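Please read these numbers as outputs of a predicted model, since none were measured by experiment. FYI, side chains are in, hydrogens and waters are out, and symmetry mates aren't considered; it's all heavy atoms of this structure. Numbers restart at 1 for each chain; the letters A, B, ... are given by sequence-line order, proteins then strands.
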Amino acid sequence: MADVQILRPAASAAPLDFTVPGSMEIVVKALRARFDGSGAASQFYPCVRVIAPGGGIAGEYIAETAIDPGGSGDVSWAPFLRTVQPGVTFPRNMGELGISGSGTQAANYTHTIRFEDVHVGDRVLVSAQAPSVPVALAAPRSPSVCTDSQGHSYTPGTVHFWEASPPNVNEGARQRFFLSEPIVFPLVKDVDTITVTWPDTVFDRSIDAWLIRHDGGSPEATEIASSPDNDAATFTATQVTLQSPSYTPPRDNSLFFATTLAAKAGGLGSFGGVAGFAGYFQALFRFFSGSKQFYFLNPSTYGANALLINEFGALPYEIDLGQLPGGVNVPAFNGVAQNYSGGANAWKGITIFSIE
Amino acid sequence: MSKKLLGVIPVGLDLASGFVIQFTAVDSTTGDDVPSVTVSEVSLLVDNVTGGDLESGFGDIEPLFTPIPAGGA
């Protein structure tokens, strides 16, 4: 028999009962009612209570959100309706937004956000890098301005000089991080973009980006350490290492986030860890193959639950849930390191952030 | 202005004669029923398994209780 709708538009004081009439049976598909709390003295939840013929309560089905005194609500009950997720929340601190680049010579590069949307209140951490001198005698160029397709402003960080001093043509890279203001207009994956501009043209421009989110709002990224600029010893070695500094996260659910950038014409071979350096976890690696050099830009984290999201039909990406407690010092330790089989005569550098 | 709220009920909530569906309001702290809340515009969408007249379910006068097909009045 087709479903039927039973209506009772008139107002009644709660509780209002509907009793299944004698010798009948119904299967409930959906219920709806308006609850007017204009006379209520306290906050309340609309509730559907099923009472057995003997008077026992067989079930109570309470709306997911409450109505304040004086308020009212239209409530629908049905199977499978759920807007509030059960269990733990998902307070990610970092979420990848992808890496891309171009080997051509130009003064800007635009990266389309990948993997996930950026929500209101999030921030975006952008790493932009390129060799600073595209042709002989050109003045060195650093990433200078960052914005996105929704017009948010980005604060530039210090420039890291993973290059000779003075720099050689298309050798090494200058890396600069930019941190967005709290996002006002959401950024949609595969639609919205991030653009970084250089003061003049360069080759091999690439952008890697992450969203930063904190359950309590006001997410921050603070650079707390970096390996030395223009470091010839690191250039000749096959590896780069950096102590994780003594640092006290100011709030719960923080994490440390590091990037290791390495650049070399012809590639760097394979990579691995360095004995004695542990604690930072690298879930995956990222690279960009330009027209002048090959670039590894590998992220790693400390103090986080790192999750790889494997969406069907798409590349895996990483999100990180911060676990460091606020106000508890993390002493310095041998933290971030990367060794490359072809790492000799490659410029390399590590930067560590506290994501709070 | 009314908020739009959702609640979840089980799939196949199959009720025989004598079962009561009660619309009520419970205190968010104590769980006790809250007085002075008014319920209106109640709608039940049900599979009337046995057929027959469900009109007497609310126990009040006929005009306030009108079974209609789910597709419309």
query: Roughly how far, to the nearest 0.5 Å, is CH2 of A/W77 from CG of B/L45?
result: 14.5 Å
- request: Just give me the residue among A/S38, A/G54, A/A40 that pairs up with chain B most often, heavy atom to heavy atom, under 4.5 Å.
  value: A/A40
task: Would you mind telling me which of A/P46, A/A41, A/A52 has the largest number of heavy-atom pairs within less than 4.5 Å of chain B?
output: A/A52
task: Tell me, out of B/G31, B/G12, B/S36, who's got the most heavy-atom pairs with chain A below 4.5 Å.
output: B/S36
- request: State the CG-CZ distance between B/L5 and A/R34, to the nearest 0.5 angstrom.
  value: 11.5 Å
- prompt: What's the shortest heavy-atom distance between B/S40 and A/P9, and which atoms?
  reply: CB-O, 3.7 Å
A/Y45 side, atom OH; B/T29 side, atom OG1 - distance, nearest 0.5 Å: 8.5 Å
- request: Please report the shortest heavy-atom distance between B/V34 and A/F44, naming the atom on each side.
  value: CG2-CB, 3.7 Å
message: So B/F23 and A/L31, do their side chains get closer than 4.5 Å, heavy atoms only?
response: yes
query: Say you draw a straight line from CG of A/D74 to NZ of B/K3; how long is it, rounded to the nearest 0.5 Å?
result: 11.5 Å
A/S76 OG to B/I9 CD1 distance, which is reported to the nearest 0.5 Å: 10.0 Å
message: Out of the candidates A/I57, A/V50, A/V20, A/I51, only one should pair with B/V20 under the side-chain contact (heavy atoms from CB on, under 4.5 Å) rule; please name it.
response: A/I51
field: Contacts of residues 182-194 of chain A with chain B (heavy atom under 4.5 Å)
entry: none
task: Determine whether B/F58 and A/D17 make a side-chain contact, defined as any pair of heavy atoms from C-beta on separated by less than 4.5 Å.
output: no
task: Flag the one option from A/V28, A/V48, A/I62 with the top tally of heavy-atom pairs under 4.5 Å to chain B.
output: A/V28
Which of A/A63, A/A30, A/A58, A/G39 touches chain B most, by non-hydrogen pairs under 4.5 Å: A/A30
- request: Apply the side-chain contact (heavy atoms from CB on, under 4.5 Å) test between A/I6 and each candidate in B/N48, B/L44, B/V42, B/I21; give the one that qualifies.
  value: B/L44
- line: From the list B/D33, B/V11, B/V26, the residue making the most non-hydrogen contacts under 4.5 Å with chain A is B/V26
query: What are the two closest non-hydrogen atoms of A/Y61 and B/L13, and how far apart are they?
result: OH-CD1, 4.3 Å
Nearest atoms (heavy-atom pairs only) where A/G22 meets B/S17: CA-OG, 3.1 Å
task: Could you tell me which non-hydrogen atom of A/P79 sits nearest to which non-hydrogen atom of B/P10, and how far apart they are?
output: CG-O, 3.7 Å
task: To the nearest 0.5 angstrom, please state how far the OG1 atom of B/T50 sits from the CE atom of A/M24.
output: 4.5 Å
